[in-house]
There are 2 protein chains.
Amino acid sequence: MRITAKADYAVRAAAVLAAAVPGVPVKGEAIATAQHIPLNFLENILRELRRAGIVRTQRGADGGYLLAVGPETVTVADVIRAVEGPLAEIQGERPEQLHYDGAATALADVWIALRANIRSILENVTLGDIARGQLPESVQMLVDDPDSWKARIR
Amino acid sequence: MRITAKADYAVRAAAVLAAAVPGVPVKGEAIATAQHIPLNFLENILRELRRAGIVRTQRGADGGYLLAVGPETVTVADVIRAVEGPLAEIQGERPEQLHYDGAATALADVWIALRANIRSILENVTLGDIARGQLPESVQMLVDDPDSWKARIR
DNA sequence: ATGATCTCAACAAATTTAGTTGACAAAGTG
DNA sequence: CACTTTGTCAACTAAATTTGTTGAGATCAT
């Protein structure tokens, strides 16, 4: 269960746009230096966000990238899906398409529940939330629980 | 956020052992055919589960694999950690070790909350639960919610 | 001893990840 | 118009990860 560099970069770049003055384009290079993201790679990512309708672009001098929609209407899940596809996959299949035999039959339900819990975080945090530094209460409750911060030693 | 074939195989193999008659070894080949897992790959995985103290082995004729501990004391999270390392990583780092700048500062908390929600499923389902086909109520509630089954169209 | 079974290191093909490169297109400025 | 700035895009690539396979060996019960 890993978040790739690409997905992480995408959310961070989108957060920068969410925090920018509305209507004023932010240059790719400004995003790259602010978030320490390789510029060329970032441009690939921003182009995918544009194709997904999350980002708008302006070419030429004084050009750059802008959010295509309001920061409160785009969730982290939207951004990740735009660059990586489905939020949760098991061996490349969506959880609801699996079927297991014998002793493992109930495992399919575990994956369904897992995806539901992943969604309940990623679909409830918007770019605006991140840019403002104010997460929804249901998410903040988890952050405030000391247990959430403990690394489980293997 | 994907579950690899290896992690999926590991949980399914462990579920087979959890469902077996206690004390009687199950042959690798029996697990492989029951769950449609390539035998050689499965043996690699079972060896890792043995090193993690989850599985016990018996060599020779009438040998095979057994759970080293009670099925109710091993969680899905334990099995996945044994073969894949930490449950949730962002760019190879644990969530609590991240720090972001500027507009993305709050993103670190999102990853913490995400891991907490992943754990609340995977650390609360045991191999016994899966083998019996009876998941904990908090997990089953999510499975019973029709929303959990909908594929989000991108 | 013998056959069944697990052990282990090494190898390897395919895929994914994380980028880089270079030619091009559009927008604004002088 | 020429020129600079910026995004667009396809193609390429190195490294890591995933998903296995192979073959020689160790161990156990009979």
Side-chain angles (χ1 to χ4, degrees), chain A residues 1-13 16-17 20 23-33 35-52 54-68 80 83-86 89-93, chain B residues 1-13 16-17 20 23-33 35-52 54-68 80 83-86 89-93:
Chain A
M1 298 254 76
R2 56 191 291 242
I3 299 286
T4 63
K6 187 179 185 181
D8 184 53
Y9 290 163
V11 179
R12 284 156 61 191
V16 170
L17 297 182
V24 178
V26 182
K27 290 193 211 316
E29 194 168 3
I31 304 173
T33 59
Q35 292 294 323
H36 315 105
I37 303 172
L39 177 57
N40 293 307
F41 195 23
L42 176 65
E43 286 175 339
N44 292 343
I45 292 166
L46 286 167
R47 207 171 331 124
E48 293 186 58
L49 293 182
R50 182 179 60 97
R51 291 200 195 103
I54 294 170
V55 158
R56 197 157 57 82
T57 58
Q58 172 74 33
R59 303 224 266 204
D62 292 338
Y65 300 88
L66 309 87
L67 276 193
I80 294 180
V83 298
E84 292 219 305
E89 286 187 318
I90 288 83
Q91 293 206 51
E93 298 280 337
Chain B
M1 297 252 75
R2 58 191 290 241
I3 299 287
T4 63
K6 187 179 184 181
D8 184 53
Y9 290 163
V11 179
R12 284 156 61 190
V16 170
L17 298 183
V24 179
V26 182
K27 290 192 211 318
E29 193 169 3
I31 303 172
T33 59
Q35 293 294 324
H36 314 105
I37 302 172
L39 177 57
N40 293 308
F41 195 23
L42 176 64
E43 285 175 340
N44 291 344
I45 292 165
L46 286 167
R47 208 172 330 126
E48 294 186 59
L49 293 182
R50 184 181 58 98
R51 290 199 197 103
I54 294 171
V55 158
R56 197 157 57 82
T57 58
Q58 173 72 34
R59 303 224 266 204
D62 291 338
Y65 299 89
L66 308 87
L67 277 193
I80 294 180
V83 297
E84 292 219 306
E89 286 187 317
I90 287 83
Q91 293 207 52
E93 297 281 337

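Lettering follows sequence order; numbering is per chain, from 1. Computation of the quantities below employed the complete heavy-atom set of this structure, encompassing side-chain atoms and omitting hydrogens, waters and symmetry-equivalent molecules.
- Take B:R56 and apply the side-chain contact (heavy atoms from CB on, under 4.5 Å) test, not counting sequence neighbours, and it matches B:L66, B:A68.
- Residues satisfying the side-chain contact (heavy atoms from CB on, under 4.5 Å) test with B:A30, not counting sequence neighbours, are B:V26, B:K27.
- Nucleotide D:dG7 holds its P atom 11 Å from the CG atom of A:L17, rounded to whole Å.
- The footprint of chain B on DNA chain C, defined by a heavy-atom cutoff below 4.0 Å, extends from C:dA4 to C:dC8.
- Checking the phosphate oxygens (OP1, OP2) of D:dT8, a side-chain nitrogen or oxygen of A:R50 falls inside 4.0 Å.
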Show every donor-acceptor pair shorter than 3.5 Å between a side-chain atom in residues 35-48 of chain A and any protein atom, with sequence neighbours excluded, or say none if there are none.
from, atom 1, to, atom 2, distance (Å)
A:Q35, OE1, A:R12, NE, 3.1
A:Q35, NE2, B:D101, O, 3.0
A:N44, OD1, A:R47, NH2, 3.1
A:E48, OE2, A:K6, NZ, 3.0

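- Listed by chain and residue number, B:E84 satisfy the side chain to side chain donor-acceptor pair (under 3.5 Å) test with B:T4 (two or more places apart in sequence, or in another chain).
- Inter-residue side-chain proximity for A:L17 and A:I31 is flagged as met; some heavy-atom pair is nearer than 4.5 Å.
- Taking CE of B:M1 as the start and CD of A:E89 as the end, the distance is 11.5 Å to the nearest 0.5 Å.
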Below 3.5 Å is the cut-off: list the nitrogen or oxygen pairs between protein and nucleotides 27-30 of chain D, distance only.
from, atom 1, to, atom 2, distance (Å)
D:dT27, O4', B:R59, NE, 3.0
D:dT27, O4', B:R59, NH2, 2.8
D:dC28, O3', B:Q58, NE2, 3.4

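- The only option from A:V83, A:T57, A:L67 that meets the side-chain contact (heavy atoms from CB on, under 4.5 Å) definition with A:L49 turns out to be A:V83.
- The bend of the helix from C:dA1-D:dT30 to C:dG30-D:dC1, defined by the angle between the axes of its first five and last five pairs, stands at 10° to the nearest 10°.
- A:Q91 pairs by the side chain to side chain donor-acceptor pair (under 3.5 Å) definition with B:D8, not counting sequence neighbours.
- Nucleotide D:dT8 holds its P atom 11 Å from the CG atom of A:L49, rounded to whole Å.
- Contacts with DNA chain C (heavy atom under 4.0 Å) in residues 24-32 of chain A: none are found.
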(request) Between protein and nucleotides 15-23 of chain D, map the contacts as a letter string: B base, S sugar-phosphate only, - none, heavy atoms under 4.0 Å, written 5' to 3'. (result) ---SSBBB-
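- In this structure, A:P25 and A:G23 approach most closely via the heavy-atom pair CD-O, 3.6 Å.
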